[in-house]
Student: 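This is the structure I have questions about; it appears just below.
Just so it is clear: chains get the letters A, B, ... in the order the sequence lines come, proteins before strands, and each one is counted from 1. Values reported hereafter were calculated over all heavy atoms of this structure, with side chains retained and with hydrogens, waters and symmetry mates removed. Only a predicted model underlies this, so the values are computations on that prediction, with no experimental measurement involved.
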Protein chains: 2
Amino acid sequence: MPMELDKFDRGILAILQRDARRSAELIGTAIGLSASAVQRRIARLREEGVIAAEVAIVDSRAIGRPLTLIVDVEVERERSELLVSLKQWIAAEPAIQEAWYVTGEGDYVLIVTARDVDGYDALMRKLIAENANVRRFQTRVALGTLKRGQLVPVEPTSE
Amino acid sequence: MPMELDKFDRGILAILQRDARRSAELIGTAIGLSASAVQRRIARLREEGVIAAEVAIVDSRAIGRPLTLIVDVEVERERSELLVSLKQWIAAEPAIQEAWYVTGEGDYVLIVTARDVDGYDALMRKLIAENANVRRFQTRVALGTLKRGQLVPVEPTSE
DNA sequence: AATGAAACTCATGAAGT
DNA sequence: ACTTCATGAGTTTCATT
(Lines give C-alpha, C1' and ligand atoms only; values in the text may rest on other atoms or scores of the structure.)
Protein backbone atom coordinates (compact mmCIF):
# COMPACT_ATOMS: atom_id res chain seq x y z
CA MET A 1 0.00 0.00 0.00
CA PRO A 2 2.36 2.68 -1.17
CA MET A 3 0.61 6.00 -0.80
CA GLU A 4 -0.28 8.25 -3.68
CA LEU A 5 2.42 10.75 -4.55
CA ASP A 6 1.81 13.40 -7.15
CA LYS A 7 4.50 15.42 -8.89
CA PHE A 8 4.46 18.04 -6.13
CA ASP A 9 5.16 15.46 -3.45
CA ARG A 10 7.94 14.02 -5.55
CA GLY A 11 9.41 17.45 -6.09
CA ILE A 12 9.37 18.11 -2.36
CA LEU A 13 11.01 14.77 -1.60
CA ALA A 14 13.67 15.28 -4.26
CA ILE A 15 14.67 18.55 -2.60
CA LEU A 16 14.41 17.48 1.03
CA GLN A 17 16.47 14.35 0.43
CA ARG A 18 19.37 16.60 -0.50
CA ASP A 19 18.69 19.49 1.86
CA ALA A 20 16.24 19.08 4.71
CA ARG A 21 16.74 22.70 5.80
CA ARG A 22 15.37 24.24 2.64
CA SER A 23 12.46 26.50 3.61
CA ALA A 24 8.92 25.77 2.51
CA GLU A 25 8.86 29.07 0.66
CA LEU A 26 11.92 28.22 -1.46
CA ILE A 27 10.57 24.75 -2.17
CA GLY A 28 7.27 26.33 -3.14
CA THR A 29 8.82 28.65 -5.69
CA ALA A 30 10.84 25.74 -7.08
CA ILE A 31 7.86 23.46 -7.68
CA GLY A 32 5.15 26.08 -8.15
CA LEU A 33 3.17 25.93 -4.93
CA SER A 34 2.57 28.27 -2.01
CA ALA A 35 4.62 27.94 1.16
CA SER A 36 1.59 26.76 3.14
CA ALA A 37 0.72 24.08 0.63
CA VAL A 38 4.31 22.81 0.76
CA GLN A 39 4.19 22.93 4.55
CA ARG A 40 1.05 20.86 4.72
CA ARG A 41 2.37 18.29 2.27
CA ILE A 42 5.59 17.94 4.25
CA ALA A 43 3.56 17.42 7.43
CA ARG A 44 1.53 14.73 5.67
CA LEU A 45 4.63 13.00 4.27
CA ARG A 46 6.09 12.87 7.78
CA GLU A 47 2.81 11.63 9.20
CA GLU A 48 2.51 8.84 6.66
CA GLY A 49 6.10 7.78 7.19
CA VAL A 50 7.24 8.55 3.66
CA ILE A 51 9.70 10.90 5.30
CA ALA A 52 11.04 8.53 7.93
CA ALA A 53 13.48 10.94 9.53
CA GLU A 54 15.47 14.11 9.09
CA VAL A 55 19.06 13.63 10.11
CA ALA A 56 22.46 15.29 10.07
CA ILE A 57 25.13 13.50 8.05
CA VAL A 58 28.44 13.58 9.89
CA ASP A 59 31.69 13.27 7.94
CA SER A 60 33.32 10.19 9.43
CA ARG A 61 36.80 11.30 8.39
CA ALA A 62 36.37 14.67 10.08
CA ILE A 63 35.54 12.83 13.26
CA GLY A 64 38.47 10.43 13.13
CA ARG A 65 36.89 7.37 11.55
CA PRO A 66 38.37 7.27 8.06
CA LEU A 67 37.99 3.51 7.59
CA THR A 68 34.96 1.88 6.02
CA LEU A 69 34.75 -1.88 5.74
CA ILE A 70 32.34 -4.20 3.98
CA VAL A 71 32.01 -7.42 5.93
CA ASP A 72 30.35 -10.68 4.86
CA VAL A 73 29.39 -12.65 7.94
CA GLU A 74 28.55 -16.33 7.67
CA VAL A 75 26.19 -17.61 10.32
CA GLU A 76 24.95 -21.04 11.38
CA ARG A 77 21.30 -20.90 10.55
CA GLU A 78 20.36 -23.77 12.84
CA ARG A 79 20.07 -22.16 16.23
CA SER A 80 17.52 -19.39 15.73
CA GLU A 81 17.67 -18.17 19.32
CA LEU A 82 21.30 -17.18 18.73
CA LEU A 83 20.23 -15.40 15.57
CA VAL A 84 17.94 -13.12 17.54
CA SER A 85 20.72 -12.14 19.90
CA LEU A 86 23.11 -11.60 16.99
CA LYS A 87 20.62 -9.18 15.48
CA GLN A 88 20.39 -7.37 18.79
CA TRP A 89 24.17 -7.30 19.02
CA ILE A 90 24.39 -5.72 15.58
CA ALA A 91 21.66 -3.23 16.39
CA ALA A 92 23.45 -2.18 19.58
CA GLU A 93 26.90 -1.82 18.01
CA PRO A 94 27.38 1.78 16.85
CA ALA A 95 30.37 0.97 14.64
CA ILE A 96 28.07 -1.08 12.42
CA GLN A 97 26.30 1.49 10.29
CA GLU A 98 24.35 -0.79 8.01
CA ALA A 99 23.40 -4.45 8.04
CA TRP A 100 21.38 -6.67 5.74
CA TYR A 101 20.45 -10.32 5.81
CA VAL A 102 21.08 -11.51 2.26
CA THR A 103 20.59 -14.48 -0.05
CA GLY A 104 23.37 -17.04 0.08
CA GLU A 105 25.04 -19.15 2.72
CA GLY A 106 23.39 -17.67 5.79
CA ASP A 107 25.12 -14.42 5.18
CA TYR A 108 24.89 -10.97 6.59
CA VAL A 109 26.50 -7.96 4.96
CA LEU A 110 27.74 -5.25 7.29
CA ILE A 111 29.00 -1.75 6.62
CA VAL A 112 31.40 -0.89 9.42
CA THR A 113 33.13 2.36 10.30
CA ALA A 114 36.42 2.29 12.22
CA ARG A 115 39.18 4.54 13.48
CA ASP A 116 41.89 2.19 12.18
CA VAL A 117 42.60 -1.48 11.51
CA ASP A 118 43.17 -2.18 15.19
CA GLY A 119 39.79 -0.73 16.08
CA TYR A 120 38.19 -2.93 13.44
CA ASP A 121 40.06 -6.02 14.63
CA ALA A 122 38.90 -5.43 18.17
CA LEU A 123 35.30 -5.10 17.00
CA MET A 124 35.37 -8.34 15.04
CA ARG A 125 37.05 -10.24 17.87
CA LYS A 126 34.22 -9.12 20.09
CA LEU A 127 31.68 -10.15 17.47
CA ILE A 128 33.15 -13.65 17.34
CA ALA A 129 33.59 -13.95 21.10
CA GLU A 130 30.05 -12.88 21.90
CA ASN A 131 28.20 -14.66 19.11
CA ALA A 132 28.80 -18.40 18.99
CA ASN A 133 26.85 -18.83 15.75
CA VAL A 134 29.19 -16.72 13.67
CA ARG A 135 31.09 -19.26 11.60
CA ARG A 136 33.46 -16.91 9.75
CA PHE A 137 33.61 -13.56 8.08
CA GLN A 138 35.32 -11.95 5.13
CA THR A 139 36.45 -8.35 5.14
CA ARG A 140 36.83 -5.95 2.28
CA VAL A 141 38.31 -2.53 2.88
CA ALA A 142 36.76 0.44 1.12
CA LEU A 143 39.66 2.01 -0.75
CA GLY A 144 37.42 4.72 -2.12
CA THR A 145 33.88 5.87 -1.53
CA LEU A 146 32.10 6.84 -4.73
CA LYS A 147 28.73 7.42 -3.21
CA ARG A 148 27.03 7.33 0.13
CA GLY A 149 23.50 7.89 1.29
CA GLN A 150 19.95 6.62 1.11
CA LEU A 151 18.74 8.89 -1.64
CA VAL A 152 15.69 7.19 -3.13
CA PRO A 153 14.75 8.03 -6.72
CA VAL A 154 11.34 9.69 -6.65
CA GLU A 155 10.83 10.28 -10.35
CA PRO A 156 8.43 7.79 -11.91
CA THR A 157 10.68 7.72 -14.96
CA SER A 158 13.75 6.33 -13.19
CA GLU A 159 14.59 2.65 -12.79
CA MET B 1 43.57 16.98 10.64
CA PRO B 2 40.40 16.01 12.42
CA MET B 3 39.13 19.05 14.28
CA GLU B 4 38.83 19.29 18.02
CA LEU B 5 35.50 18.14 19.36
CA ASP B 6 34.68 18.50 23.02
CA LYS B 7 31.90 16.67 24.83
CA PHE B 8 29.39 19.39 23.93
CA ASP B 9 30.09 19.03 20.22
CA ARG B 10 29.78 15.28 20.53
CA GLY B 11 26.51 15.63 22.37
CA ILE B 12 25.16 17.91 19.67
CA LEU B 13 26.24 15.53 16.91
CA ALA B 14 24.77 12.52 18.69
CA ILE B 15 21.39 14.24 18.79
CA LEU B 16 21.41 15.79 15.32
CA GLN B 17 22.40 12.52 13.68
CA ARG B 18 19.12 11.07 14.91
CA ASP B 19 16.94 14.17 14.63
CA ALA B 20 18.13 17.19 12.69
CA ARG B 21 14.98 19.14 13.55
CA ARG B 22 15.60 19.20 17.28
CA SER B 23 15.68 22.83 18.37
CA ALA B 24 18.82 24.42 19.75
CA GLU B 25 17.02 25.11 22.98
CA LEU B 26 16.09 21.47 23.54
CA ILE B 27 19.61 20.36 22.67
CA GLY B 28 20.91 22.96 25.08
CA THR B 29 18.89 21.68 27.99
CA ALA B 30 19.93 18.12 27.14
CA ILE B 31 23.67 18.81 27.18
CA GLY B 32 23.74 21.76 29.58
CA LEU B 33 24.34 24.77 27.35
CA SER B 34 22.35 27.83 26.29
CA ALA B 35 20.48 27.83 23.01
CA SER B 36 22.80 30.41 21.46
CA ALA B 37 25.90 28.47 22.40
CA VAL B 38 24.42 25.37 20.79
CA GLN B 39 23.48 27.44 17.76
CA ARG B 40 26.98 28.79 17.35
CA ARG B 41 28.53 25.34 17.68
CA ILE B 42 26.17 23.90 15.08
CA ALA B 43 27.09 26.71 12.70
CA ARG B 44 30.76 25.96 13.25
CA LEU B 45 30.28 22.22 12.74
CA ARG B 46 28.54 22.95 9.43
CA GLU B 47 31.25 25.40 8.46
CA GLU B 48 34.05 22.95 9.16
CA GLY B 49 32.27 20.18 7.29
CA VAL B 50 31.83 17.93 10.31
CA ILE B 51 28.14 18.17 9.57
CA ALA B 52 28.26 17.43 5.85
CA ALA B 53 24.55 17.71 5.20
CA GLU B 54 21.10 17.61 6.71
CA VAL B 55 18.79 15.37 4.75
CA ALA B 56 15.37 13.76 4.80
CA ILE B 57 15.35 9.96 4.87
CA VAL B 58 12.65 8.63 2.58
CA ASP B 59 11.21 5.17 3.20
CA SER B 60 11.93 3.32 -0.02
CA ARG B 61 9.10 0.85 0.55
CA ALA B 62 6.60 3.65 1.02
CA ILE B 63 7.66 5.00 -2.34
CA GLY B 64 7.44 1.69 -4.19
CA ARG B 65 11.03 0.53 -4.09
CA PRO B 66 10.98 -2.37 -1.66
CA LEU B 67 14.01 -4.16 -3.11
CA THR B 68 17.57 -3.62 -1.93
CA LEU B 69 20.44 -5.44 -3.60
CA ILE B 70 24.10 -5.76 -2.77
CA VAL B 71 26.14 -6.08 -5.95
CA ASP B 72 29.79 -7.03 -6.35
CA VAL B 73 31.07 -5.70 -9.64
CA GLU B 74 34.29 -7.02 -11.10
CA VAL B 75 36.10 -4.58 -13.35
CA GLU B 76 39.09 -4.81 -15.67
CA ARG B 77 41.63 -2.59 -14.03
CA GLU B 78 43.72 -2.12 -17.14
CA ARG B 79 41.93 0.63 -19.02
CA SER B 80 41.79 3.51 -16.59
CA GLU B 81 39.91 5.84 -18.92
CA LEU B 82 36.97 3.45 -18.80
CA LEU B 83 37.20 3.42 -15.04
CA VAL B 84 36.62 7.14 -14.92
CA SER B 85 33.50 6.89 -17.04
CA LEU B 86 32.25 3.94 -14.96
CA LYS B 87 32.56 6.08 -11.86
CA GLN B 88 30.60 8.83 -13.57
CA TRP B 89 28.00 6.31 -14.66
CA ILE B 90 27.58 5.13 -11.08
CA ALA B 91 27.43 8.69 -9.79
CA ALA B 92 24.72 9.57 -12.29
CA GLU B 93 22.56 6.50 -11.68
CA PRO B 94 19.98 7.29 -8.98
CA ALA B 95 19.11 3.64 -8.33
CA ILE B 96 22.65 3.12 -7.01
CA GLN B 97 22.52 4.51 -3.50
CA GLU B 98 25.99 3.61 -2.33
CA ALA B 99 29.21 2.54 -4.02
CA TRP B 100 32.69 1.69 -2.79
CA TYR B 101 35.85 0.64 -4.49
CA VAL B 102 37.16 -2.22 -2.36
CA THR B 103 40.16 -4.49 -1.87
CA GLY B 104 40.11 -7.62 -4.00
CA GLU B 105 39.87 -8.45 -7.67
CA GLY B 106 39.13 -4.97 -9.00
CA ASP B 107 35.83 -4.96 -7.23
CA TYR B 108 33.18 -2.41 -6.56
CA VAL B 109 30.40 -2.93 -4.07
CA LEU B 110 27.09 -1.30 -4.87
CA ILE B 111 23.92 -0.85 -2.84
CA VAL B 112 21.04 -0.68 -5.28
CA THR B 113 17.37 0.13 -4.74
CA ALA B 114 14.78 -1.24 -7.17
CA ARG B 115 11.06 -1.46 -7.71
CA ASP B 116 11.24 -5.17 -8.52
CA VAL B 117 13.53 -7.80 -10.06
CA ASP B 118 12.72 -6.63 -13.56
CA GLY B 119 13.74 -3.10 -12.71
CA TYR B 120 17.00 -4.37 -11.29
CA ASP B 121 17.67 -6.58 -14.32
CA ALA B 122 17.14 -3.65 -16.64
CA LEU B 123 19.57 -1.55 -14.63
CA MET B 124 22.31 -4.17 -14.71
CA ARG B 125 21.83 -4.82 -18.42
CA LYS B 126 22.36 -1.11 -18.97
CA LEU B 127 25.42 -1.18 -16.72
CA ILE B 128 26.96 -3.97 -18.80
CA ALA B 129 25.95 -2.49 -22.13
CA GLU B 130 27.35 0.95 -21.37
CA ASN B 131 30.52 -0.04 -19.54
CA ALA B 132 32.80 -2.34 -21.51
CA ASN B 133 35.20 -2.82 -18.61
CA VAL B 134 32.66 -4.54 -16.38
CA ARG B 135 33.71 -8.19 -16.46
CA ARG B 136 30.95 -9.68 -14.33
CA PHE B 137 28.86 -9.06 -11.27
CA GLN B 138 27.33 -11.01 -8.45
CA THR B 139 24.04 -10.06 -6.87
CA ARG B 140 22.79 -10.65 -3.37
CA VAL B 141 19.25 -9.74 -2.48
CA ALA B 142 18.61 -8.13 0.88
CA LEU B 143 16.03 -10.41 2.52
CA GLY B 144 15.96 -8.22 5.60
CA THR B 145 17.33 -4.85 6.59
CA LEU B 146 18.61 -4.79 10.16
CA LYS B 147 20.07 -1.35 10.04
CA ARG B 148 20.46 1.56 7.66
CA GLY B 149 22.09 4.94 7.84
CA GLN B 150 25.37 6.70 8.25
CA LEU B 151 25.26 7.22 11.96
CA VAL B 152 28.85 7.80 13.06
CA PRO B 153 29.76 6.99 16.67
CA VAL B 154 30.84 10.23 18.32
CA GLU B 155 31.65 8.96 21.77
CA PRO B 156 35.40 8.65 22.37
CA THR B 157 34.72 5.43 24.27
CA SER B 158 33.20 3.52 21.34
CA GLU B 159 35.13 1.35 18.92
C1' DA C 1 -7.09 21.13 -1.48
C1' DA C 2 -4.68 25.58 -2.07
C1' DT C 3 -4.18 30.42 -0.55
C1' DG C 4 -3.18 34.37 2.53
C1' DA C 5 -2.72 36.25 7.04
C1' DA C 6 -2.17 35.80 12.00
C1' DA C 7 0.20 33.80 16.02
C1' DC C 8 3.91 31.52 17.47
C1' DT C 9 8.33 29.09 17.62
C1' DC C 10 12.92 29.07 16.54
C1' DA C 11 17.22 30.82 14.84
C1' DT C 12 20.27 34.72 14.44
C1' DG C 13 22.88 38.61 15.97
C1' DA C 14 24.40 42.09 19.54
C1' DA C 15 25.78 43.42 24.09
C1' DG C 16 27.36 42.17 28.45
C1' DT C 17 29.56 39.00 32.02
C1' DA D 1 33.40 31.48 25.23
C1' DC D 2 28.86 31.38 27.34
C1' DT D 3 24.49 33.93 28.68
C1' DT D 4 20.70 37.04 28.09
C1' DC D 5 18.00 39.95 25.31
C1' DA D 6 16.16 41.78 20.98
C1' DT D 7 15.17 41.08 16.14
C1' DG D 8 13.96 38.56 12.10
C1' DA D 9 13.02 34.46 9.56
C1' DG D 10 10.29 30.27 9.24
C1' DT D 11 6.68 27.34 10.69
C1' DT D 12 2.05 26.39 12.16
C1' DT D 13 -2.75 27.30 12.47
C1' DC D 14 -6.95 29.23 10.92
C1' DA D 15 -10.26 31.51 8.04
C1' DT D 16 -11.43 31.90 3.18
C1' DT D 17 -12.07 30.58 -1.76
Student: Could you tell me how far apart Gln39(B) (CD) and dG13(C) (C1') are, to the nearest whole angstrom?
Tutor: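 From Gln39(B) CD to dG13(C) C1': 11 Å.
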Student: Can you find a side-chain donor-acceptor pair between Thr139(B) and Tyr120(B) that sits under 3.5 Å?
Tutor: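 Present: a donor and an acceptor within the cut-off.
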Student: Nearest whole Å is fine: how far is dT3(C) P from Glu25(A) CD?
Tutor: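 For the pair Glu25(A) CD and dT3(C) P, the rounded distance is 13 Å.
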Student: Any side-chain donor-acceptor pair under 3.5 Å between Gln97(B) and Arg148(B)?
Tutor: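 Distance-only check passes for Gln97(B) and Arg148(B).
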Student: Find which nucleotide of DNA chain C each of Arg21(A) and Ala37(A) is nearest to by heavy atoms, and output the residue with the more 5' nucleotide.
Tutor: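 Whichever sits nearer the 5' end wins; that is Ala37(A).
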Student: For nucleotides 5-9 of chain C, which of its nitrogen or oxygen atoms have a protein nitrogen or oxygen under 3.5 Å away, and what is each distance?
Tutor:
none

Student: Against Ile12(A), only a single residue in Leu5(A), Val50(A), Ile31(A) fulfils side-chain contact (heavy atoms from CB on, under 4.5 Å); can you say which?
Tutor: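 Between Ile12(A) and the candidates, side-chain contact (heavy atoms from CB on, under 4.5 Å) is satisfied uniquely by Ile31(A).
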Student: Using a 4.5 Å cut-off on heavy atoms from C-beta on, say whether the side chain of Val102(A) contacts that of Tyr108(A).
Tutor: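 Not in contact.
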Student: Please give, in whole Å, the distance from dT11(D) C1' to Arg22(A) CZ?
Tutor: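 Value for this atom pair: 17 Å.
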Student: Could you check how far CG of Leu33(A) sits from P of dT11(D), rounded to whole Å?
Tutor: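 Interatomic distance, CG of Leu33(A) to P of dT11(D): 15 Å.
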Student: Is there a path of hydrophobic side-chain contacts, each under 4.5 Å between heavy atoms of I, L, V, M, F, W or Y residues, that connects Ile70(A) with Leu143(B)?
Tutor: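 Looking at the clustering, Leu143(B) is in a separate group from Ile70(A).
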Student: Looking at residues at least two apart in the chain, or sitting in another chain, which of them share a side chain to side chain donor-acceptor pair (under 3.5 Å) with Asp116(B)?
Tutor: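 Per chain and number, Asp116(B) pairs via side chain to side chain donor-acceptor pair (under 3.5 Å) with no residue.
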Student: Could you state the CD-P distance from Glu47(A) to dT13(D), rounded to the nearest angstrom?
Tutor: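 That distance rounds to 11 Å.
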Student: Would you check if Val152(A) and Arg65(B) make a side-chain contact, meaning some heavy-atom pair closer than 4.5 Å?
Tutor: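 A side-chain contact exists here, since the closest heavy-atom pair is under 4.5 Å.
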Student: What is the distance, to the nearest angstrom, from the CD1 atom on Ile27(B) to the C1' atom on dA11(C)?
Tutor: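 Roughly 12 Å, once rounded to whole Å.
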Student: Within the structure shown, what part of the strands sits under 4.0 Å from Arg41(B) by heavy-atom distance: base, sugar-phosphate, or nothing?
Tutor: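 Since only primed, P, OP1 and OP2 atoms lie under 4.0 Å of Arg41(B), the category is sugar-phosphate.
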Student: Between atom CZ in Phe8(A) and atom C1' in dT3(C), what is the gap in whole Å?
Tutor: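 One finds 13 Å between C1' of dT3(C) and CZ of Phe8(A), rounded.
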Student: Report yes if a donor N or O on one partner sits less than 3.5 Å from an acceptor N or O on the other, where the partners are the side chain of Arg40(A) and the base of dA2(C); otherwise report no.
Tutor: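 By the distance-only test, yes, there is a pair.
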Student: Expressed in angstrom and rounded to an integer, what is the separation of Asp6(B) atom CG from dC2(D) atom P?
Tutor: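 After rounding, the reported distance stands at 8 Å.
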Student: By the 4.0 Å heavy-atom rule, please label Ala24(A) as base, sugar-phosphate, or nothing.
Tutor: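 Result for Ala24(A) = sugar-phosphate.
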